[in-house]
Amino acid sequence: MLGNFELELDEVSVTPPVTDGSAAMILKPLSLRIREGEWITIVGANGSGKSTLLKVMAGMPMKGVGGNISRHGLRPEADSGAIPIVLQQPEAGIIGATPWEDVVAMLERSGFEERAIISAAEQALSEVGLGGRMRQKVETLSGGQKQLTAIAACLAARAPALLLDEVTAMLDPAMSLEVLHTVRGLHKAGTTVVWTTQRMEELRAEDRVLVLDSGEVVFEGTAESLFQRGNDGSGGRNQSAAERLGLEAPYSIRVAWELKGQGVELDELPFTPEQLAEAVMRYAG
Ligand SMILES: Nc1ncnc2c1ncn2[C@@H]1O[C@H](COP(=O)(O)OP(=O)(O)OP(=O)(O)O)[C@@H](O)[C@H]1O
């Protein structure tokens, strides 16, 4: 499990480094507190500011940052320094020739004592399901396995939170699901996770979601409340926050809305086909 984590952003904003005064802010002032063990999903279109917000959360030195960022009440540089971010391109952060070498290199760079390296690397690689592929050449791994290698390196180095920048964007649906399931498992075991995505089907009902639009937080709440249509007597047809923000609901939720229009009201909003099937079975009794 990763080290303990509490991150506080107080009126944090980011302005472009060179501006004639007319350029829009990259991130408009926002305040946010993330507690240990939370799962946050940041949703937004290209250019909405997701990566910038992650870099701010990571405590990366950046020009144009206003407001206060603190971890356990300390500035990030006074705490454990910048947290690594796993990026969209599967090869982006990998420096070793095999998963094993990559994780070991990260541990050496992070100043781990030699005798602690082997067990930390083995444990992290098996936690992400790569125990059997530690010595496989990186170029022969799938995109998802490369992402899991990068995630294992963060885990092994005891990064205080997993910061994941659209890590499934370049992966096929099956691989995306495998990476998502693995990270969900790590979260269940206590890891703090910030997951950014443009894919609504990666959300789960209880996720804490931030929606960014042009550098501004336009929604904050659970995924369930993002897709909840109101009960105004119109058969639940009045729009959810997601619809008002132009976000397309996952297929299962669209089916649930359609069923509700036909008078079939499921007892929970299904985020996955499996949840949809279960809710329909419960309805059918
Ligand atoms: N250093 C910079 N100078 C000027 N503009 C910048 C800088 N960094 C980011 N931007 C702009 O800020 C906006 C937000 O960028 P950011 O990369 O955070 O968005 P994003 O939501 O992660 O996008 P994507 O999904 O395409 O990665 C974009 O319009 C980008 O061009």
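Every number for a ligand or one of its atoms is a count from 1 in the order of the listing.
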Geometry only, no angles: is [X] polar-contacting ligand 1 at N/O separations under 3.5 Å?
X    : answer
P16  : no
D165 : no
Q88  : no

Salt bridge check, E113 against R115: does any charged N sit closer than 4.0 Å to a carboxylate O?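 Salt bridge between R115 and E113, a charged N being under 4.0 Å from a carboxylate O: yes.
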Lys/Arg N to Asp/Glu carboxylate O, R204 vs E224, below 4.0 Å: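 No, no charged N to carboxylate O under 4.0 Å.
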Is there a donor-acceptor pair under 3.5 Å between the side chain of T15 and the backbone N or O of G64?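 The answer is yes, because a donor-acceptor pair under 3.5 Å joins these two groups.
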Give the single entry among I26, V56, L27, T52 that approaches atom 11 (C) of ligand 1 most closely by any heavy atom.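 Shortest heavy-atom distance from atom 11 (C) of ligand 1: I26.
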Please could you name the atoms of ligand 1 that [X] approaches to less than 4.0 Å, counting only its heavy atoms?
X   : value
A45 : 21 (O)
N46 : 23 (O), 24 (P), 25 (O), 26 (O)
S51 : 17 (O), 18 (O), 20 (P), 22 (O), 27 (O)

Report the residue from V128, V104, L141, L148 that forms a side chain to side chain contact (heavy atoms under 4.5 Å, CB included) with P99.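 Of the listed residues V128, V104, L141, L148, the side chain to side chain contact (heavy atoms under 4.5 Å, CB included) partner of P99 is L141.
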Do S51 and D165 have a side chain donor and acceptor closer than 3.5 Å?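 Their side chains do contain a donor-acceptor pair, which is all the 3.5 Å distance test asks for.
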Side chains of T168 and E202 only: does a donor on one sit below 3.5 Å from an acceptor on the other?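 Yes, a side-chain donor-acceptor pair sits under 3.5 Å.
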Would you say G44 contacts ligand 1, with heavy atoms under 4.0 Å as the rule?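 No.
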Who's the nearest protein heavy-atom neighbour of [atom], and how far?
atom                    : result
atom 3 (N) of ligand 1  : P17 CD, 3.4 Å
atom 19 (O) of ligand 1 : G49 N, 3.1 Å
atom 23 (O) of ligand 1 : G47 N, 2.8 Å

Ligand 1 versus Q198, non-hydrogen atoms closer than 4.0 Å: side chain, backbone, both, neither?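 Just the side chain.
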If we set the cut-off at 4.0 Å for heavy atoms, which region of E166 has an atom near ligand 1: side chain, backbone, both, or neither?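 For E166, only side-chain atoms sit under 4.0 Å from ligand 1.
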With clusters defined by side-chain heavy atoms of hydrophobic residues (ILVMFWY) lying less than 4.5 Å apart, directly or transitively, does I94 cluster with V103?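 They do not share one cluster, since no chain of ILVMFWY contacts under 4.5 Å joins V103 to I94.
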Quiz item: cation-pi between R184 and W39, 6.0 Å / 45°: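 Because its charged atom sits under 6.0 Å from the ring centre and within 45° of the axis, R184 does stack over W39.
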Do other residues, nucleotides or ligands put more than 12 heavy atoms under 6.0 Å from I118 CD1?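 No.
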Mark whether atom 30 (C) of ligand 1 lies under 4.0 angstrom from at least one protein heavy atom.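 Answer no: nothing from the protein, no heavy atom, is under 4.0 Å.
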